[in-house]
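Note sheet for the following structure.
For ligands, and for the atoms within them, numbers begin at 1 and follow the listed sequence. Just so you know, these numbers use all the heavy atoms, side chains as well, and skip hydrogens, waters and symmetry mates. In what follows, residues are counted from 1 in the order of the sequence shown.
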Amino acid sequence: IKANFSIVQDEEGNFSGLITVISDVTEQEKVDRERREFVSNVSHELRTPLTTMRSYLEALTDGGALQDEELAPQFLQVTQNETERMIRLVNDLLQLSKMDHKESAILKEKIDIIPVLHHILDRFEMNKTELIDFERYIPNERIFVWVDQDKITQVTDNILSNAIKYSPEGGKITFQAVKEKNRLRISISDQGLGIAREKLEKIFERFYRVDKARSRELGGTGLGLAISKEIIDVHHGQIWATSKEGQGTTINFTLPLMNRKRGSKK
Ligand code: ADP
């Protein structure tokens with residue numbers, strides 16, 4: 001709360017009154033502070049790959065690494081990886097910005113989500129390179145939800161990629177879909193390093209990473225879960241994390257079920 005006092009005087013300069021303006025600036029200040037932090041984060045995130053690229057390009061040109069048959073391809077690979085990271089980052093930022101301005105087209109339709117989930121998991125099992133086991137528990141029935149299929153696929157992809165990224169070799173990833181009262185809950189568990197209790201909510205914030213270096217090494221942008229949260233919000237669902245440090249993490253999200261009888265949203 002901010003209070004502004006103005007003294008009112010008459011023509012002769014005598015005190016004739018007091019105007020008090022009381023305004024709630026805390027919300028506005030918070031928004032301003034978050035915006036400044038965001039701009040500062042984006043700048044850092046872009047500067048890191050750019051400075052890396054500059055040193056490698058300098059080594060190639062001035063340092064003469066270009067003539068070195070072994071080093072040249074390695075150095076070019078680094079600049080290529082950094083470019084890819086910046087493209088991912090800018091794409092993520094654009095998506096967030098569109099969602100902030102309610103511009104992003106969310107095309108919701110009534111779908112049976114079960115085959116969609118199987119399809120996503122099949123794709124992950126097919127493409128996996130790491131030694132990882134997938135286990136799936138998905139009800140054998142039709143479950144209708146009112147969603148943008150591409151966006152929900154994106155959320156599921158994000159969570160599954162994280163589960164793989166943070167899993168130990170030979171770890172098991174459990175995918176569970178559970179029909180609850182009015183909603184479908186999807187839970188994806190891994191056997192990775194886990195997340196400390198006080199950080200469980202933070203991981204859905206933009207650019208928050210438990211381990212910055214590790215996330216960078218794994219090619220992360222720090223925006224995946226923030227985007228996922230925005231998507232789940234527009235679907236009127238919830239998203240949260242539970243974890244036992246050293247034992248693993250579970251990311252859960254829910255989607256409201258459709259009332260099958262009347263075909264309306266419940
Ligand atoms: P990133 O691109 O860094 O993976 P995300 O927004 O997807 O960004 O996740 C934010 C952070 O949350 C990660 O950097 C990581 O510290 C933490 N995190 C997400 N998923 C897991 C997981 N399954 N196990 C452990 N930590 C996780």
Open item on the list: Consider side-chain hydrogen bond (donor to acceptor under 3.5 Å, both in side chains). Of Gln95, Arg206, Lys151, which one does Glu230 pass it with?
Closed with: Arg206
TODO: May I ask whether Phe204 has any heavy atom positioned less than 4.0 angstrom from an atom of ligand 1?
DONE: no
Task: atom 15 (C) of ligand 1 [closest protein heavy-atom partner, distance rounded to 0.1 Å] - done: Tyr166 OH, 3.5 Å
Open item on the list: As an exercise, identify every atom of ligand 1 less than 4.0 angstrom from a heavy atom of Ile203.
Closed with: 10 (C), 12 (O), 17 (C)
Task: Whether Gly222 lies under 4.0 Å from ligand 1, heavy atom - done: yes
Task: Closest approach of any protein heavy atom to atom 14 (O) of ligand 1, naming residue and atom - done: Arg209 CG, 3.0 Å
Task: Nearest option to atom 23 (N) of ligand 1, as decided by whichever heavy atom of Thr249, Asn162, Asp190 sits closest - done: Asp190
- [ ] Would you kindly say whether Gln77 and Asn81 are connected by a side-chain donor-acceptor distance under 3.5 Å?
- [x] yes
TODO: Could you tell me the separation between the OG1 atom of Thr79 and the CG atom of Leu50, rounded to the nearest 0.5 Å?
DONE: 11.5 Å
Open item on the list: Within this structure, what is the CZ-CG distance for the pair Arg214 and Leu193, rounded to the nearest 0.5 Å?
Closed with: 5.5 Å
Open item on the list: How long is the straight-line distance from NE2 of His119 back to CD of Gln149, given to the nearest 0.5 Å?
Closed with: 8.5 Å
Open item on the list: With rounding to the nearest 0.5 angstrom, report the NZ to OG distance, Lys165 to Ser215.
Closed with: 5.5 Å
Task: Which segment of Lys165 sits under 4.0 Å of ligand 1 when only heavy atoms are counted - done: side chain
Task: Proximal atoms of ligand 1 relative to Tyr208 (non-hydrogen, under 4.0 Å) - done: 10 (C), 11 (C)
Task: Ser228 vs Phe204, side-chain contact (heavy atoms from CB on, under 4.5 Å): CA-CA, chis, key distance, verdict - done: CA-CA 8 Å; Ser228 302; Phe204 298 98; 5.9 Å; no
Task: Polar contact flag for Gly224 and ligand 1 (N/O pairs, less than 3.5 Å) - done: yes
TODO: For the residue pair Phe75 and Leu66, establish whether any side-chain heavy-atom pair is separated by less than 4.5 Å.
DONE: no
- [ ] Output the list of atoms in ligand 1 that are nearer than 4.0 Å to some heavy atom of Val210, sorted by atom number.
- [x] 16 (O)
- [ ] Output the list of atoms in ligand 1 that are nearer than 4.0 Å to some heavy atom of Gly220, sorted by atom number.
- [x] 2 (O)
Open item on the list: Does the residue Ile195 have a heavy-atom contact with ligand 1, meaning some pair of atoms that are separated by less than 4.0 Å?
Closed with: yes
- [ ] Can you sort out which atoms of ligand 1 are near Ser215, meaning under 4.0 Å from one of its heavy atoms?
- [x] 1 (P), 3 (O), 14 (O)
- [ ] Run the numbers on Val155 and Ile186 for side-chain contact (heavy atoms from CB on, under 4.5 Å), then give the verdict.
- [x] CA-CA 11 Å; Val155 171; Ile186 312 265; over 6 Å; no
Task: Close-contact set for ligand 1 against Leu225 heavy atoms, below 4.0 Å - done: 5 (P), 6 (O), 7 (O), 9 (O), 19 (C)
